[in-house]
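Okay, structure first, notes after.
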There are 2 protein chains.
Amino acid sequence: MIRFVRHLPLAEPEKQAILDTPREIRRFQRGDTIYRPDEPCGAARILVEGLAAQYRILPNGERQSADLVFPARFCDLGCILFGVSDHFLAALTDVEVVEISTARILDLFARYPQIPVLLLHQETRNRSILFERLLSVGRRPAIRRLAHLLTEFRLRRELAGVAPSRAKRILLPQRWIGDFLGLTTEHVSRTIAKLKAMGLIEQHRNAIVIRDPAGLARLAEFDPGYLHPGAEAPPRAPPARRGREGGSTVAGFGGPGSEGSKVSANES
Amino acid sequence: MIRFVRHLPLAEPEKQAILDTPREIRRFQRGDTIYRPDEPCGAARILVEGLAAQYRILPNGERQSADLVFPARFCDLGCILFGVSDHFLAALTDVEVVEISTARILDLFARYPQIPVLLLHQETRNRSILFERLLSVGRRPAIRRLAHLLTEFRLRRELAGVAPSRAKRILLPQRWIGDFLGLTTEHVSRTIAKLKAMGLIEQHRNAIVIRDPAGLARLAEFDPGYLHPGAEAPPRAPPARRGREGGSTVAGFGGPGSEGSKVSANES
DNA sequence: CGCCTTATTGACGGACCTCAAGCTAAGTGG
DNA sequence: CCACTTAGCTTGAGGTCCGTCAATAAGGCG
């Protein structure tokens, strides 16, 4: 939590105010449902460790997933602003979530106006990412959808501070890949096989490893603009980083004032 | 513009500040492209009259539309926050757009912290609507997709203050319906024919008229929760309304503090 | 080892796309 | 007033991408 706050693109008083706010840490295991839309919710939830997926379900049980939640991100602003969540959140890994009561969050908003502005940045970027997913599901064939998803996750992990070599390794059950892309697991499996045959990816156990990032991005017709790279990177100069660079040591809240480096889909 | 500001769920000082802000009105005709993502953009754009559609395109020219923009809504927050737009905006009717320079908007943010909070509400709701569209495109068959879209537009127009009888009349070219739903115009045409055969809708000239709103909502498995109805309705008590209640007289910025009435998909 | 979850592979069917005409309504100009 | 055009919609035939159903692996874990 402290690590998480320190990297926010906020001034010291804001950071200190967040650190001074009473909060609760909850832990979940891989596969757990972190929350459901039919539960009462009186707290903001911020993911601090691990990876989670937002999804909705249809009456017949079919699922559609909108996005991953990476560390240092609010899981669900609707919960604070409207008092209800509009989706399920599932833990894809073991997960740590910080809860801050809605009343305290609104109090923070009132006392530190930079905080809602920061969240406005995050949410605008979130919508942009969701728009791109809709474009994939609505108009791209399965193989491009998959190539696009893999490229997007690789880039977002890099932007969050994961080393490029690690970011090429994607651990996501095919059931979830299908739920992101609007495909069945069977078709995901077949499509992965095609990418493998094209030499763009490899599979090791349950992980997909990107072998040719540039080729994959080209197949996906990937244009990274929608990620608004400046908004995920830490603000100005990123703070010095501790030894291990696993998923959640860094991130940054994203936000205003961050120039961010240009991202190209053609590197490597 | 004045009409528009008066209905915002903001206190008087905020409203006055917005009214005092220098701005420019631009008019477009049906079919015009209001802006494109590759243009420089240094101003916030607020739709005050008419109807517009946000969309992205693929290299092969296929289009995917995310959402309609109704009057009294920001067209594109990315433009202010990131300096670039991430989509095209097309005028579906003749349209009036107010432009306020980014610098002045950011100044308003700084002086009146309620304004970014209001936009945060809007954007959270926008994302929720987009999520539901993704669910449609990813997992619902064409006939439900269409039923859902028609129901959503009807309800949103009602929430924006359009009389229920008028809200049942939907004027949207089939090309655009297809772009919202990820379908070809041919298939949209065939699907409309099915709904007509089921007695749920009628067609008059270019308009679709909903004949059985409840039946359509049932077919769509429509759950209105994602619209966060409280956020579109004017705050507390809605101000008295002038004579004509066409598309754009009312609306309201949506936002905090608005309880809003419960919406049911089963009325009428 | 036996069980359970996850992934693979195949045969088949169907929802939706493609391509191609033809239709209607609303202009436009003579 | 009547060709002629144009934009939007409709209709049909045929094909394909992806879903469904079902059987078979292949790990993980007690």
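Predicted model only: the values in this text are computed from it and were never measured. In what follows, chains carry the letters A, B, and so on, assigned in the order in which the sequence lines appear, proteins first and then strands, with residues in each chain numbered from 1.
Taking the nucleotide of DNA chain D with the nearest heavy atom to each of Asn206(A) and Lys194(A), the more 5' of the two is matched to Lys194(A). Comparing Val188(A) and Arg139(A) along DNA chain C, the residue whose closest nucleotide (by nearest heavy atom) sits nearer the 5' end is Val188(A).
Two rings, from His148(A) and Tyr226(A), have their centers less than 6.0 Å apart.
Across dT9(C), dG19(D), dC16(C), the shortest atom-to-atom separation from the side chain of Ser189(A) is found for dT9(C). Distance from the side chain of Thr184(B) is smallest to dC17(C) among dC17(C), dT8(C), dT11(D). For Glu186(A), the side-chain atoms get nearest to dT9(C) when compared with the rest of dT11(D), dT9(C), dC16(C).
Close to dC9(D), at under 4.0 Å from its OP1 or OP2, lies no side-chain N or O of Gln203(B). For the pair Gln174(A) and dT8(C), the criterion of a side-chain N or O lying under 4.0 Å from OP1 or OP2 is met.
Judged by atom type and distance alone, Arg30(A) does not reach the base of dT5(C) through any side-chain donor-acceptor pair under 3.5 Å. With hydrogens and angles ignored, no donor-acceptor pair under 3.5 angstrom links the side chain of Arg205(A) to the base of dT5(C).
Between the CG atom of Leu171(A) and the P atom of dA7(C) there is a distance of 10 Å, rounded to whole Å. For Ile208(A) and dA7(C), the CD1 to C1' distance is 11 Å, given to the nearest whole Å. Between Arg190(B) atom CZ and dA20(C) atom C1' the separation is 12 Å, expressed in whole Å. When rounded to the nearest whole Å, the span between CG of Asp179(A) and C1' of dT6(C) equals 14 Å. Atom pair Trp176(B):CH2 and dA7(D):P shows a separation of 16 Å (rounding to whole Å applied). The NE2-C1' distance, from His204(B) to dA25(C), rounds to 15 Å in whole Å. The separation between Ile143(B) atom CD1 and dC16(C) atom P is 10 Å, rounded to whole Å. dT10(D) atom C1' lies 16 Å from atom CG of Leu195(B), rounded to whole Å.
Within 4.0 Å (heavy atoms only), Leu183(B) reaches sugar-phosphate atoms of the nucleic acid but no base atom. When heavy atoms are screened at a 4.0 angstrom cut-off, Ala193(A) is found touching no nucleic acid atom at all. Gly178(A) comes within 4.0 angstrom of no nucleic acid atom, judged by non-hydrogen atoms across all strands.
The main-chain N or O of Thr185(A) is never found under 3.5 Å from a side-chain atom of Ser189(A) such that the two would form a donor-acceptor pair.
A cation-pi arrangement is found for Arg45(A) relative to Tyr35(A), the charged atom lying closer than 6.0 Å to the ring centre and inside a 45° cone about the ring normal.
We find the CD-OG1 distance between Glu186(B) and Thr191(B) to be 11.0 Å, quoted to the nearest 0.5 Å.
Checked by atom type, the side-chain pair Ser65(A)/Arg175(A) shows no donor-acceptor distance below 3.5 Å.
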